[in-house]
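Input: one structure, supplied below.
By convention in this document, chain letters (A, B, ...) are assigned in the order of the sequence lines, proteins followed by strands, and residues within each chain are numbered from 1. If you're wondering where the values come from, they're calculated on a predicted model, not measured in any experiment.
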Amino acid sequence: MCDEVRVRFAPSPTGDLHLGNARTALFNYLFARHHGGKFILRIEDTDTERSTDEATQGILDALGWLGLEWDEGPFFQSERGDLYRTAIERLHNEGHVYRCFCSPEELEQMRNAAREAKQATYYQSEYQELPRDKSDALAEEGRKFVYRFRVPKGGATEWDDAIRGKVVFQHDTLDDFALARSDGSPIFLLSNAVDDADMRVSHVIRGEDHLTNTAKQIMILRALGHPVPQFAHLPMIFGMDNKKLSKRHGATFTLQFRDDGYLAEAMLNQLALVGWSLDDKTVLFSHEELTQHFSLERVNKAKGIFDYERLLWLNGHYIRELPLEELIRRSEPFFQFAGIELAGRDPEWLRGLFGLVQERVRTLKELPEKLSYFLTDALEYEEKSVNKFLKKEGVAALLRKTGEVAGAVEAFTIEGLEEAFRQWVEAEAIKFGQIAQPLRVALTGSDASPGIFEVMVYLGKERCLRRIDAAIERFCLV
RNA sequence: GACCCCAUCGUCUAGUGGCCUAGGACAUCGGCCUUUCACGCCGACAACACGGGUUCGACUCCCGUUGGGGUCGCCA
């Protein structure tokens with residue numbers, strides 16, 4: 001037995017990667033990296049009814065986006081049937097498992113009766129003590145059956161959870177559970193435990209919803225004579241209303257965040273902070289810092305809520321940190337979606353443009369709208385801004401003069417424009433704000449934009465003058 | 001209903017018996033900066049669920065209550 005850290009992420013491919021699962025994957029990954037161990041990816045597709053290839057691909061894509069590279073796998077349980085069949089046979093031969101010939105209806109009845117009688121367990125049948133030869137005979141008759149694990153009478157199963165401490169389940173509160181379906185295919189409880197043993201998993205880090213499964217899986221592992229891994233149960237993630245995370249709260253699928261303009265850096269940082277923290281003040285963590293500092297000891301026990309507001313703030317932070325080239329590269333798909341082509345533009349000019357709005361956006365998705373008036377001449381005027389700054393007495397004259405001043409500037413640079421406008425403002429004793437806002441609306445269509453001189457420079461003299469004239473003609477009172 | 005888990009500002013959290021008149025961050029609200037919007041900076045608001053113990057001393061330990069959550073499938 002070696003001390004190598006081996007962890008696995010074992011999603012079932014029945015849908016997109018949920019935030020909670022993404023966090024589980026992240027913690028497993030970080031734990032492996034921190035300890036120089038192995039991160040294994042295992043696809044639990046034993047439920048052929050619900051598993052799909054698209055879901056598997058989606059999970060792989062999501063992990064790829066987050067940069068959670070696995071060292072082994074992906075392994076598919078659907079291809080490992082022999083392993084589970086062998087395990088079942090052994091358990092059956094050794095008496096840990098028996099055939100249960102109950103019909104779904106009978107089981108349902110037992111459950112209802114137990115609930116009514118306020119019993120902890122419901123399963124009780126003649127098959128529990130049916131001699132093997134009788135059981136074999138029934139099977140040969142073709143009677144449908146499932147294999148059930150015989151939970152020992154009396155006693156308890158306990159383990160020392162890395163996050164929760166000692167957890168104990170009394171055996172008389174547990175029902176004999178099914179390990180294989182009537183078609184012979186293995187059920188999660190079995191395949192999961194068998195694979196963990198086969199893959200020599202040292203630490204099982206998973207969601208708290210698996211707590212009761214753990215007692216059962218430890219029993220399986222012991223019956224099979226396998227070592228029991230260290231278990232660590234992560235707290236759940238909820239939405240702001242303390243309910244299970246659902247569409248109502250916003251995006252809940254990992255890839256949705258990518259498509260909404262979030263950076264993997266921000267997502268990783270945010271996910272790490274739900275249930276884990278380093279100290280009393282650090283909130284910003286790079287991928288490297290996360291692997292450097294992560295430890296199970298600092299994982300929280302209490303449920304967490306996914307704070308979309310903080311994710312937004314983190315995303316803005318990481319966008320501001322991005323080199324301009326990188327920012328342009330990553331936002332390209334969003335421009336394409338908006339019907340704006342970036343290819344072929346002057347790189348220098350483009351960098352300047354992005355520099356103008358880098359600290360004004362919180363998602364990549366906002367970039368096209370914030371930059372559209374530079375990249376297209378089909379200007380969209382905000383009605384509110386137009387009414388407030390253009391449809392006013394005297395604005396026409398002011399804008400006309402603005403056009404003259406701007407048009408007379410030889411060096412169309414920030415400094416040149418600043419100087420020209422300063423002189424005008426001083427000569428006429430007016431406030432610059434009176435000029436700036438109407439001009440801003442005329443040039444950008446909005447009353448919020450980067451510095452007005454920057455806007456003018458990146459627009460160029462020609463377009464500035466044209467837009468000023470267009471605004472006067474279209475909106476200003478005569 | 002049975003079993004299991006959990007409980008510090010609105011949210012994420014620090015806190016492992018005295019360092020706590022409970023710290024940080026997001027959000028919110030003020031202010032500064034300023035040609036608008038952001039960014040940045042400064043400040044304010046705001047929490048130990050409740051009740052018993054243990055102790056010279058409890059946010060920290062124990063018990064109970066309440067509240068929340070999870071599981072109880074031939075799903076994972």
Separation between the C1' atoms of U11(B) and C61(B), rounded to whole Å: 29 Å
Distance-only side-chain donor-acceptor flag, Ser125(A) / Tyr123(A), under 3.5 Å: yes
Describe the nucleic acid contact of Arg164(A) in one word from base, sugar-phosphate, nothing, applying a heavy-atom distance below 4.0 Å. sugar-phosphate
I'd like the C1' distance from C32(B) over to C48(B), given in whole Å. 34 Å
For G1(B) and U65(B), measure between their P atoms and round to the nearest Å. 14 Å
Could you check whether Ile187(A) gets within reach of a base, just the sugar-phosphate, or nothing at all, counting any heavy atom under 4.0 Å? sugar-phosphate
Asp161(A)-Trp159(A) side chain donor-acceptor pair, cut-off 3.5 Å: yes
Tested for side chain to side chain donor-acceptor pair (under 3.5 Å) against Gln77(A), the lone hit among Asp195(A), Asp47(A), Asp45(A) is Asp195(A)
So Ala448(A), base contact, sugar-phosphate only, or nothing? Heavy-atom distance under 4.0 Å. base
C1' atom, U66(B) versus U28(B): distance in rounded Å? 30 Å
What I want to check is whether an N or O donor and acceptor connect the side chain of Arg50(A) with the base of C75(B) at under 3.5 Å. yes
Give a yes-or-no answer on whether the side chains of Glu89(A) and Thr86(A) include a donor-acceptor pair shorter than 3.5 Å. no
Write down the distance separating the C1' atoms in A46(B) and G53(B), rounded off to the nearest Å. 31 Å
Taking atom types as they are modelled, is there a donor-acceptor pair under 3.5 Å from the base of A76(B) to the side chain of Asp209(A)? no
Tell me whether the side-chain N/O atoms of Thr46(A) come closer than 4.0 Å to OP1 or OP2 in A76(B). yes
Under 3.5 Å, is there a donor-acceptor pair linking the side chains of Arg440(A) and Ser449(A)? yes
Which part of the nucleic acid, if any, lies within reach of Arg42(A) when heavy atoms closer than 4.0 Å are counted: base, sugar-phosphate only, or nothing? nothing
With the criterion being N/O to N/O and under 3.5 Å, what pairs connect the protein with nucleotides 58-62 of chain B, and how long is each?
none

For Lys303(A) and G69(B), is the shortest distance between a side-chain N/O and OP1 or OP2 below 4.0 Å? no
To the nearest Å, how far apart are Leu312(A) CG and U11(B) C1'? 14 Å
Which is true for Arg148(A) with a 4.0 Å heavy-atom rule: it touches a base, it touches only sugar-phosphate, or it touches nothing? sugar-phosphate
At less than 4.0 Å, is any side-chain N or O atom of Ser449(A) found next to OP1 or OP2 of U36(B)? Yes or no. no
May I ask you to say what Ser182(A) touches in the nucleic acid, namely base, sugar-phosphate or nothing, with a heavy-atom cut-off under 4.0 Å? base
For Ala117(A) and Glu454(A), take the nucleotide of RNA chain B holding the closest heavy atom to each; which residue's nucleotide lies nearer the 5' end? Ala117(A)
Taking the ring of Tyr84(A) and the ring of Phe188(A), is the distance between their centroids below 6.0 Å? no
Who pairs with U54(B) - Watson-Crick or G-U, where each distance is under 3.5 Å: none
May I ask you to say whether Arg400(A) pairs ionically with Glu404(A), meaning some side-chain N is under 4.0 Å from a carboxylate O? no
Just checking Pro450(A): base, sugar-phosphate only, or nothing, at a heavy-atom cut-off of under 4.0 Å? base
Provide the distance between the two C1' atoms, one in A14(B) and one in C50(B), to the nearest whole Å. 24 Å
Does a side-chain N or O of Arg111(A) approach OP1 or OP2 of G73(B) to a distance below 4.0 Å, or not? yes
Hydrogens and angles aside, do Gln128(A) and Arg150(A) bring a side-chain donor and acceptor to less than 3.5 Å of each other? no
Under 4.0 angstrom between Arg115(A) side-chain N/O and C3(B) OP1 or OP2: no
When the C1' atoms of C33(B) and A47(B) are compared, how many Å lie between them, rounded to an integer? 33 Å
Scanning all shown strands, the Watson-Crick or wobble mate of G40(B) with both distances under 3.5 Å is C32(B)
Between Ala178(A) and Val168(A), which is nearer to the 5' end of RNA chain B once each is assigned its nearest nucleotide? Val168(A)
Does a distance-only test, which skips hydrogens and angles, find a donor-acceptor pair under 3.5 Å between the side chain of Arg360(A) and the base of C39(B)? no
Gly275(A) near the nucleic acid: base, sugar-phosphate alone, or nothing, with a heavy-atom cut-off under 4.0 Å? sugar-phosphate
A correct 5'-to-3' footprint of nucleotides 18-32 of chain B, with B, S and - meaning base, sugar-phosphate only and no protein heavy atom under 4.0 Å, is -----BBSBS-----
With both distances under 3.5 Å as the test, what is the Watson-Crick or G-U wobble partner of A49(B)? U65(B)
Distance from Phe285(A) atom CZ to His293(A) atom NE2, nearest 0.5 Å? 6.5 Å
Residues two or more places apart in sequence or in another chain: which of them pass side chain to side chain contact (heavy atoms under 4.5 Å, CB included) with Glu326(A)? Leu322(A), Pro323(A), Arg329(A), Arg330(A)
What nucleic acid atoms does Tyr122(A) come within less than 4.0 Å of, heavy atoms only: base, sugar-phosphate, or nothing? sugar-phosphate
If you look at every strand shown and take non-hydrogen atoms under 4.0 Å, does Phe169(A) touch a base, only sugar-phosphate, or nothing? sugar-phosphate
By centroid distance (under 5.5 Å) and plane angle (under 30°), are His210(A) and A76(B) in a stacked arrangement? yes
For the base of C3(B), is there a side-chain donor-acceptor partner from Thr173(A) under 3.5 Å away? no
Side-chain atoms of Asp47(A) come closest, of U35(B), A76(B), U11(B), to A76(B)
How about Tyr147(A) and His92(A): are their ring centroids closer than 6.0 Å? yes
So what does Val357(A) hit on the nucleic acid, given a heavy-atom distance under 4.0 Å: a base, only sugar-phosphate, or nothing? nothing
Mate of C59(B) where both pairing distances stay under 3.5 Å, Watson-Crick or G-U: none
note: Asn300(A), atom CG; G69(B), atom P; distance rounded to Å ~ 18 Å
Which is true for Val146(A) with a 4.0 Å heavy-atom rule: it touches a base, it touches only sugar-phosphate, or it touches nothing? base
Paired with G1(B): which nucleotide, if any, by Watson-Crick or G-U wobble criteria at under 3.5 Å for both distances? C72(B)
